[in-house]
Amino acid sequence: MIYIMVTNWDNHWDQLSDGQTYYTKKIMYGRITESQIENNTPTIFIKLNRDTKVIEKIWKGSVSNFSVESERVRFKVNIEKEIQCPAKYQTHKEGWYIDEAEIKNEQVEDLDIFPPFFEKIKTTKDWEEFEENTYKIFKLLGIHEIYKYLRQRGTADGFFKFKNLAVVYDATLTKDFFKEKEQQINNFCSMLNSGKVEHESNIIDVSNCNKQVWIVTQRVTQQIRKMTEVYVKEIAVKDLINIYEQRILENLSEDELEMKLRNI
């Protein structure tokens, strides 16, 4: 399914200060039930002019962090990019709609540049599939110096070095991952702070690198903490896919790509 969310409110959708908004239940069209309210559902956001009702802008993205109250539903807006409005939604008035039929068409937009597993990685519940496809995304981004670790308790999934950026990463489907992985994250930080990363018989010097630990999830991108020189971040796979798309459609130099990865 796909959501279509239409408003004529000021400071919507791309100007929300904290990404949070809500809908009252009386403008939730299409008989939306609580069972159809799902995190990370693909969404088209439409902004109408308050007076003329003419479409001003349209974006694609997703919604998450739902909180269902008695009269309203609160959620977080995740904007991916501005798009052209599909013809069938051009006459929609303000409200929240659900469309079961259009999801295939919307998700295969630009299919010639998007590998099929990109959609699977956003929703899979299989941790092995999620881990393997995360590795594939890194390779598609042009990160060639990347090392996978054998699956052992307490180890990261892998490590990569791209120009002056060194990242130890771990892919997880666990929502409350920090509580579960706090000691592991501390170990990853200590390894990077030591100035070298070991992989089998290789020792990679990272002493002069920008050092980061990435916990890759299906959720959001955010900085969690900093431990000495190491930044610990949660990285959403959708944001990695957005960088991949930009790399394909634009002329990004390696230096520009490094900065996008460093500042994600």
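A salt bridge is absent between K163 and E258: the closest approach of a Lys/Arg side-chain nitrogen to an acidic carboxylate oxygen does not fall below 4.0 angstrom. Salt bridge annotation for D157-K148: absent, with no cationic side-chain nitrogen under 4.0 angstrom from a carboxylate oxygen. The pair K53-E94 meets the salt-bridge criterion, with a side-chain N (NZ, NE, NH1 or NH2) lying under 4.0 Å from an Asp/Glu carboxylate O. Note on K25 versus E69: no salt bridge recorded, every NZ/NE/NH1/NH2 to OD/OE distance being 4.0 Å or above.
L16 and F75 fall within a single hydrophobic cluster, where Ile, Leu, Val, Met, Phe, Trp and Tyr side chains are chained together by heavy-atom contacts under 4.5 Å. Residues F66 and V220 do not share a hydrophobic cluster, defined by chaining ILVMFWY side chains whose heavy atoms lie under 4.5 Å apart.
For the pair S64 and N78, the minimum side-chain heavy-atom distance is below 4.5 Å. Using a 4.5 Å cut-off on side-chain heavy atoms (C-beta onward), P115 and L140 make contact.
F160 has its ring centre less than 6.0 Å from the ring centre of F138. Here the two rings, on F118 and Y244, have centers that are under 6.0 Å apart. Aromatic rings of Y169 and W214 (six-membered ring for Trp) have centroids beyond the 6.0 Å cut-off, not under it. Between H92 and Y97, the distance from one ring center to the other falls under 6.0 angstrom.
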I'd like a table of donor-acceptor pairs (distance under 3.5 Å, sequence neighbours excluded) in which one partner is a side-chain atom from residues 229-238, with atom names and distances.
| from | atom 1 | to | atom 2 | distance (Å) |
| --- | --- | --- | --- | --- |
| E229 | OE1 | K211 | NZ | 2.9 |
| Y231 | OH | K226 | NZ | 3.3 |
| K233 | NZ | Q212 | OE1 | 3.2 |
| K233 | NZ | R262 | O | 2.8 |
| K233 | NZ | I264 | O | 3.2 |
| E234 | OE1 | R219 | NH2 | 3.0 |
| E234 | OE1 | Q222 | NE2 | 2.7 |
| E234 | OE2 | T217 | OG1 | 2.7 |
| E234 | OE2 | R219 | NE | 2.8 |
| E234 | OE2 | R219 | NH2 | 3.3 |

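In terms of heavy-atom proximity, P42 sits nearest to M1 at CD-O, 4.1 Å. Minimum interatomic distance between I243 and K260 (heavy atoms only, all atoms of both residues): CD1-O, 4.2 Å.
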Inset, instruction - Show your working on side chain to side chain donor-acceptor pair (under 3.5 Å) between T24 and E71 and close with a plain yes or no. - result: CA-CA 6 Å; T24 57; E71 299 296 328; over 6 Å; no

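With no hydrogens or angles considered, a side-chain donor-acceptor pair links Y89 and D99 at under 3.5 Å. Judged by distance alone, the side chains of N242 and R247 never bring a donor and an acceptor atom under 3.5 Å apart. In the model, D239 has a side-chain atom that pairs as donor or acceptor with a side-chain atom of T221 under 3.5 Å. Residues N202 and E198 bring no donor and acceptor atom of their side chains to less than 3.5 Å of each other.
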